[in-house]
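Here the structure is a predicted model, which means the values were calculated and not measured.
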Amino acid sequence: MEDFPVAAHVYQLFQTASGFCGMAWTGDGIARFQLPTSDAVETERLLLRRLPQAEPGSPPVHVAEAIAAVKRYFAGETVDFSAIKLDLSGQSDFLKSIYAATRGVGWGKTTTYGALARELGAGPAAARHIGQAMAGNPVALIIPCHRVLAAGGKLGGFSAPGGSTSKLRMLELEGVRLAPGDPAQQSLAF
């Protein structure tokens with residue numbers, strides 16, 4: 001049996017108006033995005049937790065453009081990430097379909113786990129799988145999992161640094177106003 005090399009991951013850390021982010025890519029596209037933390041060392045630790053073999057490097061033009069778009073996003077500009085090329089290798093076809101549907105939720109719009117399940121032709125029980133897919137989203141923001149809400153339009157959880165508070169802040173950047181969620185779901189800001 002012939003061994004095939006694993007695509008090499010390269011990454012770069014960068015600062016935004018909301019903190020330090022990290023982006024990793026392969027020759028096939030962006031493979032991981034780390035939402036902001038207040039510390040570059042923490043951002044790097046979180047990014048490398050999922051891609052321990054990744055090496056720092058200079059981004060190609062399309063990745064540099066994605067980094068610039070992220071900076072604009074956190075500066076409050078309207079940004080559309082839907083055309084950014086992603087490397088979702090290792091994800092199941094079902095997860096890829098969930099992520100594709102999520103990428104269709106535009107700036108300032110929201111949907112729910114249940115609505116995504118229906119859009120994919122799945123029953124209500126699939127909403128839980130949608131939630132798990134959002135929690136495991138390797139490129140949060142670019143696949144806008146922050147725009148996916150719990151039933152009834154409630155904020156729901158968010159597995160990124162800052163938890164639901166970060167989700168709420170991202171939605172507010174886009175002009176979406178929700179009532180504060182259950183304080184138990186709140187966490188630190190970016």
Side-chain angles (χ1 to χ4, degrees), residues 9-26 29-51 54 56-88 99-112 134-149 153-181 185-190:
H9 288 91
V10 182
Y11 71 93
Q12 185 170 71
L13 303 178
F14 56 97
Q15 192 166 10
T16 71
S18 292
F20 293 91
C21 293
M23 189 173 290
W25 63 90
T26 67
I30 295 169
R32 179 146 305 271
F33 175 69
Q34 180 58 55
L35 285 166
T37 72
S38 60
D39 179 70
V41 172
E42 177 65 3
T43 296
E44 185 173 43
R45 184 190 72 75
L46 291 169
L47 187 71
L48 294 177
R49 183 177 68 187
R50 302 274 193 225
L51 298 172
S58 297
V61 172
H62 70 281
V63 175
E65 289 170 351
I67 289 171
V70 168
K71 288 179 180 183
R72 288 193 316 274
Y73 176 88
F74 284 111
E77 292 182 35
T78 302
V79 178
D80 179 3
F81 296 105
S82 64
I84 292 176
K85 186 175 178 191
L86 301 178
D87 178 355
L88 296 177
Y99 294 145
T102 304
R103 287 188 93 182
V105 181
W107 173 275
K109 307 279 189 227
T110 61
T111 190
T112 64
M134 297 301 108
N137 179 358
V139 285
L141 179 62
I142 299 168
I143 296 174
C145 55
H146 65 286
R147 296 176 185 153
V148 183
L149 305 175
K154 293 183 177 148
L155 188 59
F158 199 54
S159 60
S164 294
T165 299
S166 294
K167 182 175 184 173
L168 184 61
R169 288 186 63 207
M170 292 168 70
L171 290 169
E172 287 174 347
L173 274 173
E174 298 181 20
V176 176
R177 303 285 184 249
L178 300 175
Q185 292 183 2
Q186 302 292 321
S187 185
L188 302 173
F190 291 121

[Y] and [X], any side-chain heavy atoms less than 4.5 Å apart:
{"X": "Arg147", "Y": "Leu171", "result": "yes"}
{"X": "Met134", "Y": "Phe158", "result": "no"}
{"X": "Pro144", "Y": "Thr102", "result": "yes"}
{"X": "Lys71", "Y": "Ile67", "result": "yes"}
{"X": "Thr110", "Y": "Leu178", "result": "no"}
{"X": "Thr37", "Y": "Arg45", "result": "no"}

Which side-chain N or O atoms in residues 56-64 pair as donor and acceptor under 3.5 Å with protein atoms at least two apart or in another chain?
none

* Asked: Would Arg32 and Tyr11 satisfy side chain to side chain contact (heavy atoms under 4.5 Å, CB included), going step by step from the backbone distance to the final call?
  -> CA-CA 9 Å; Arg32 179 146 305 271; Tyr11 71 93; over 6 Å; no
* Asked: Can you name the closest pair of heavy atoms from Gly108 and Val176 and give their distance?
  ->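 Taking Gly108 first and Val176 second, the nearest heavy atoms are O-CG2, 3.3 Å.
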* Asked: Which pair of heavy atoms, one from Ser164 and one from Gly156, lies closest together, and at what distance?
  ->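 Where Ser164 meets Gly156 most closely, the heavy atoms are OG-O, 2.8 Å.
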Using only atom types and a distance under 3.5 Å, with no angle test, would you say the side chain of [X] pairs donor to acceptor with the backbone of [Y]?
{"X": "Lys167", "Y": "Val148", "value": "yes"}
{"X": "Thr16", "Y": "Ala75", "value": "no"}
{"X": "Tyr73", "Y": "Glu174", "value": "no"}

* Mind checking what makes salt bridge (charged side-chain N to carboxylate O under 4.0 Å, His left out) contact with Glu172, not counting sequence neighbours? ->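 So Glu172 forms no salt bridge (charged side-chain N to carboxylate O under 4.0 Å, His left out) with any residue.
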* Pairing residues for Arg103 by the salt bridge (charged side-chain N to carboxylate O under 4.0 Å, His left out) criterion, not counting sequence neighbours ->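 With sequence neighbours excluded, Arg103 shows a salt bridge (charged side-chain N to carboxylate O under 4.0 Å, His left out) to no residue whatsoever.
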* Between Tyr99 and Asn137, does a side chain to side chain contact (heavy atoms under 4.5 Å, CB included) hold up when you go through it step by step? -> CA-CA 8 Å; Tyr99 294 145; Asn137 179 358; 4.2 Å; yes
[X] side, atom [atom1]; [Y] side, atom [atom2] - distance, nearest 0.5 Å:
{"X": "Leu51", "Y": "Leu46", "atom1": "CG", "atom2": "CG", "result": "12.0 Å"}
{"X": "Phe74", "Y": "Met170", "atom1": "CZ", "atom2": "CE", "result": "4.5 Å"}
{"X": "Phe20", "Y": "Phe14", "atom1": "CZ", "atom2": "CZ", "result": "11.5 Å"}

* Go through the steps for Leu149 and Lys154 under the test side chain to side chain contact (heavy atoms under 4.5 Å, CB included), then give the verdict. => CA-CA 6 Å; Leu149 305 175; Lys154 293 183 177 148; over 6 Å; no
* **Criterion side chain to side chain contact (heavy atoms under 4.5 Å, CB included) on Met23 and Ile142, from CA distance to verdict** => CA-CA 11 Å; Met23 189 173 290; Ile142 299 168; 4.1 Å; yes
